[in-house]
Amino acid sequence: MLTINQIRDNSEKVIERLKIKNFDAAKIIEKILKADQDRRRLQGEADSKQNEMNTISKEIGMLFRQGKTGEANNAKEKTGIIKEEIKQLNQKLSDSILALDELLVQLPNLPHETVPTGRSSEDNEEIRSGGRIPELDKGALAHWDLAAKYNLIDFELGNKITGSGFPVYRGDGAKLQRALINFFLDENRSAGYEEFLPPLMVNEDSGFGTGQLPDKEGQMYHVTIDNFYLIPTAEVPVTNIYRDVIVDEDELPIKNTAYTPCFRREAGSYGKDVRGLNRLHQFDKVEIVQVQHPDLSYNTLEEMVSHVEGLLKKLELPYRIVKLCGGDMSFTSALTYDFEVYSAAQKKWLEVSSVSNFESFQSSRLKLRYRDKNTKKPLLAHTLNGSALALPRVVAALLENNQTEEVINIPKVLYPYTGFTTIVSGKK
RNA sequence: GGUGAGAUGGGUGAGUGGCUGAAACCAUCAGUUUGCUAAACUGACGUACUGGGUAACUGGUACCGGGGGUUCGAAUCCCCCUCUCACCGCCA
């Protein structure tokens, strides 16, 4: 969330910036500034009243120790009213803090100054593209047909065991999945990321820390009996490692990677978008997360972008990178690059990664700070993350783009991981 | 699931109603001494909110797992919750 200090000092600028996200903040900001004033006033009143009380209490203690019981008891008499006043002031104070927080969490992150204006994905700015879009024969199959033909993924079986959106990978399909996970993790490690294998369920505090709660509550599976949430992305557990942490400036940047399954309810999604692997309730993803000094976070963002681009190049997939416009960006992001691969049989661009700088938006919720080398003061760090990569759509594109009439070719870089170079039908 | 013991600052750990925001030790940082390293000595060393000051700094308030209560006054007493450890039960 934006901090009150950010808003207090630059309220006009905040309103101006949020217009790029098509968010009219003027009214909320006005309320925030008012609530902030209330809070500070009440804080001052409550504090000085409490001070008065503390002073009297100390005197009473002194009197008792000196044996002046009568005077002490006299002093006690006076405390009743003050006590009541403190109680009321504190109640007002906590109400006003609550009111302020409620307003603050409604404000989205400020978009970076390079974010293009726009309403929807139509207005995103293509940064660059790479790879070659293959020319497929007329009879080319979409990945769900290929999955059936080569016995790689069984959607029906997943339906039976759980429900739609929970596919069963089998045979070479399962192996390909494992190969990709290992390939991504190895590449990330080579780039200096530490590997984590975190819990797949998180508590409420973690959900709040990365911004999933309270807004996106309906998007997560909730295990009510223990009040845990199934993670929608490894970002949640991996970023929450640093909740309530102050790191030394020297430790930055912190680079972490993790493979996890991801669980998303995708409430409200339906239609042809969800066919095959395009949109699932459970899918595999390898995530990269960085914690960085504010001055360097945009360099880091570019570094992460080229790292992810490198993965797509190695997989020989046709891709494009787009910078999201204000209207298409997430609530929490300051700047986001989306990566899309071309799935040649569906003739569609599919999003396989989203790399974002959140600046201090997550840190302020997480209370993630670094200690400034010179001033020794704790300051909010910047967090960034991205997929490297999300598997299902990569698999969809790999299958579709590399199909021939008899086989599906595996990209060379995966040979050591799959142990096979082509997928042929009939094989178990 | 049952029983018992715990949860204190970066760490170990003292503290059972007021003089404790918190001893001591370790770690860390700065300085002194010292051919270098080490050792020794001296000093500094939590966070948040808030008032004053350009600032160094300084006044106030809160925080000893979380929440509530008793009391003029709570790390300390009471209640609830969470977590940790040990033993038992169950179990991959």
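Numbered from 1 within each chain, the chains take letters A, B, ... in sequence-line order.
- A tilted orientation is assigned to the rings of Y221(A) and F166(A), their planes being inclined by 30° to 60°.
- Across all strands shown, N54(A) has heavy atoms under 4.0 Å from sugar-phosphate atoms exclusively, and none from any base.
- Counting any heavy atom pair closer than 4.0 Å across all strands shown, I60(A) reaches a base atom.
- Listed by chain and number, the residues in a side chain to side chain donor-acceptor pair (under 3.5 Å) with S297(A) are N357(A), H382(A) (sequence neighbours excluded).
- Close to G60(B), at under 4.0 Å from its OP1 or OP2, lies no side-chain N or O of Q50(A).
- Across all strands shown, S57(A) has heavy atoms under 4.0 Å from base atoms, whether or not it also approaches the sugar-phosphate.
- Comparing I4(A) and F228(A) against RNA chain B, the residue whose closest nucleotide sits nearer the 5' end is I4(A).
- In this entry G65(B) has C81(B) as its Watson-Crick or G-U wobble partner, both defining distances falling under 3.5 Å.
- To the nearest whole angstrom, the two P atoms, one in U37(B) and one in C45(B), are 27 Å apart.
- A straight line from CD of Q43(A) to P of C63(B) spans 13 Å, rounded to a whole angstrom.
- Rounded to an integer number of Å, the gap from CD of E45(A) to C1' of G51(B) is 14 Å.
- Using P as the reference atom, A62(B) and G69(B) are 16 Å apart when rounded to the nearest Å.
- Put simply, CG on D205(A) is 17 Å from P on G65(B), counting in whole angstrom units.
- Contacts of M53(A) with the nucleic acid, taken as non-hydrogen atoms under 4.0 Å apart, involve only primed sugar atoms and P, OP1 or OP2.
- Aromatic ring orientation, H307(A) versus Y193(A): tilted (interplanar angle from 30° to 60°).
- A salt bridge does not link E59(A) with K78(A): none of the charged nitrogens is closer than 4.0 Å to a carboxylate oxygen.
- Base pairing analysis places C72(B) opposite G18(B); the two distances defining the Watson-Crick or G-U wobble pair are each below 3.5 Å.
- Taking side-chain N and O atoms only, R371(A) has no distance below 4.0 Å to OP1 or OP2 of G46(B).
- Atom P of nucleotide C72(B) and atom CZ of F64(A) are separated by 9 Å, given to the nearest angstrom.
- For K83(A), a side-chain nitrogen or oxygen approaches OP1 or OP2 of G73(B) to under 4.0 Å.
- Below 30°, between 30° and 60°, or above 60°: for F361(A) and F331(A) the angle between ring planes is above 60°, a perpendicular geometry.
- Along RNA chain B, the nucleotide nearest to R39(A) and the one nearest to K58(A) differ in position, and the one closer to the 5' end is contacted by K58(A).
- Note on R65(A): a base of the nucleic acid sits closer than 4.0 angstrom, heavy atoms only.
- Straight-line distance from the CG atom of L93(A) to the P atom of A62(B): 12 Å, rounded to whole Å.
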